[in-house]
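To start, the structure under review is shown below, and the notes come after it.
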Amino acid sequence: QVQLVESGGGLVQAGGSLRLSCAASGRSFSSYGMAWFRQGPGKEREFVATISWSGGYTGYLDSVKGRFTISRDGAKNTVYLQMNSLKPEDTALYYCAADPTGWGRRRANEYTFWGQGTQVTVSS
C-alpha cells in the first residue's frame, strides 16, 4: 500500500520561505508521477507542481513559476516543494499526490494516492 506523508508546513510572513516534504513508501516509485496540489479556504483543489520520478520533467502552475521549485530525492523516496517569496494567496492545505500510470498530469482526479496534507499560512 502506497503511503504519502507530508511535512514542513507552517505560518510564515509574506516574502518568506518554506520547504514541504513528501515521504513516499510502499513500493517502487520509479515510474510514478508526483505532484503537489493545494486547497485554499472555500476553493477547489488546485494543481501546483509536478515532477517525474526520474526528475527529468517538471511542470508548474503559472502563478508559482519562479517562486516554487519541485524536486525529489530518489534515495530517500521523498519529494520536496521549495516555496520562496510566499504571498498571502498561497495560503492553503498542501497535498502530495502520486500517479502510478505516468507523469506530467495536472488534474487531481488523475492521481491515485494522496497524503493527508500540510497547512501553509502566509500572513500579510
Side-chain angles (χ1 to χ4, degrees):
Q1 181 68 20
V2 171
Q3 186 174 17
L4 305 175
V5 179
E6 303 99 331
S7 61
L11 173 63
V12 64
Q13 290 188 332
S17 298
L18 284 173
R19 188 177 80 157
L20 306 184
S21 299
C22 171
S25 62
R27 61 185 61 184
S28 171
F29 293 90
S30 60
S31 63
Y32 277 51
M34 305 294 294
W36 288 95
F37 286 78
R38 67 186 181 186
Q39 189 164 14
K43 298 182 179 179
E44 293 187 354
R45 194 165 297 191
E46 174 183 54
F47 165 81
V48 176
T50 185
I51 188 168
S52 59
W53 194 257
S54 69
Y57 172 86
T58 58
Y60 296 92
L61 177 68
D62 283 348
S63 63
V64 307
K65 282 182 182 177
R67 299 190 298 122
F68 291 10
T69 302
I70 189 170
S71 63
R72 94 284 175 268
D73 184 331
K76 295 182 178 180
N77 267 9
T78 300
V79 177
Y80 303 98
L81 186 68
Q82 178 67 44
M83 306 186 296
N84 299 327
S85 302
L86 282 161
K87 304 176 181 180
E89 52 263 43
D90 294 318
T91 294
L93 188 60
Y94 282 71
Y95 295 92
C96 177
D99 175 8
T101 66
W103 45 266
R105 296 178 174 86
R106 300 189 176 207
R107 297 179 181 175
N109 62 7
E110 294 175 311
Y111 284 81
T112 304
F113 302 105
W114 292 84
Q116 82 289 348
T118 185
Q119 179 67 39
V120 171
T121 303
V122 185
S123 63
S124 57

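Counting from 1, the numbers follow the sequence of the chain as shown. Only heavy atoms go into these numbers, but all of them, side chains included; no hydrogens, no water, no symmetry mates. Remember, it's a predicted structure, so these values are computed and weren't measured experimentally.
Note that CE of Met83 and CG of Leu18 are 4.5 Å apart. Values are rounded to the nearest 0.5 Å. Distance check: Asp99 CG to Arg105 CZ gives 4.5 Å after rounding to the nearest 0.5 Å. One finds the CD atom of Gln13 at 5.0 Å from the OG atom of Ser123 (value rounded to the nearest 0.5 Å). Rounded to the nearest 0.5 Å, atoms CD (Glu89) and OG (Ser124) are 10.0 Å apart.
Residues Leu81 and Arg19 fail the side-chain proximity criterion, which asks for heavy atoms closer than 4.5 Å. A 4.5 Å side-chain heavy-atom check between Trp36 and Val79 finds at least one atom pair inside the cut-off. Contact annotation: the side chain of Val12 never approaches that of Thr121 to less than 4.5 Å [non-hydrogen atoms, C-beta and beyond].
Ring pair Trp103/Tyr57 is tilted by interplanar angle, where 30° to 60° counts as tilted.
Side-chain N or O atoms of Tyr111 include none that pairs as donor or acceptor with a backbone N or O of Cys96 at under 3.5 Å. Side-chain atoms of Thr50 do not come within 3.5 Å of backbone N or O of Gly59 as any donor-acceptor pair. Looking at Arg106, its side chain does come within 3.5 Å of a backbone N or O of Tyr60 through a donor-acceptor pair. Remark: the backbone N or O of Gln116 is paired with a side-chain donor or acceptor of Glu6 at under 3.5 angstrom. A donor-acceptor pair under 3.5 Å is absent between the side-chain atoms of Ser30 and the main chain of Ser28, judged by distance alone.
Just one residue in the list Thr58, Val48, Leu20 forms a side-chain contact (heavy atoms from CB on, under 4.5 Å) with Ile70, and that residue is Thr58. Checking Leu11, Val122, Val120 one by one against Thr91, the side-chain contact (heavy atoms from CB on, under 4.5 Å) holds for a single residue, Val122.
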For this session: Begin with the C-alpha distance, continue with both residues' side-chain angles, and end with the deciding distance and a verdict on ring-ring contact (aromatic ring centres under 6.0 Å, His included) for Tyr32 and Trp53.
Result: CA-CA 6 Å; Tyr32 277 51; Trp53 194 257; 7.7 Å; no
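Looking at Asn84 and Ser17, their side chains do bring a donor and an acceptor atom within 3.5 Å of each other.
Annotation: Phe37 is in aromatic contact with Trp114 [ring centroid separation under 6.0 Å].
In this structure, Arg45 forms a cation-pi arrangement with Tyr95, its terminal cationic atom sitting closer than 6.0 Å to the ring centre and no more than 45° off the ring axis. A cation-pi arrangement is not found for Arg38 relative to Tyr94, the charged atom failing to lie both closer than 6.0 Å to the ring centre and inside a 45° cone about the ring normal.
Of all non-hydrogen atoms in Met34 and Ala98, the two that sit nearest each other are SD-CB, 3.6 Å. Counting all heavy atoms, side chain and backbone alike, Ala23 lies closest to Thr78 at CA-OG1, 4.1 Å. Of all heavy-atom pairs between Thr112 and Pro100, the closest is OG1-CD, 3.5 Å.
One hydrophobic cluster, built from ILVMFWY side chains closer than 4.5 Å, cannot hold both Val64 and Tyr80; they sit in different ones.
Residues Lys87 and Asp90 are not paired through a salt bridge, judged by the lack of any N-O separation under 4.0 Å between the basic side chain and the carboxylate.
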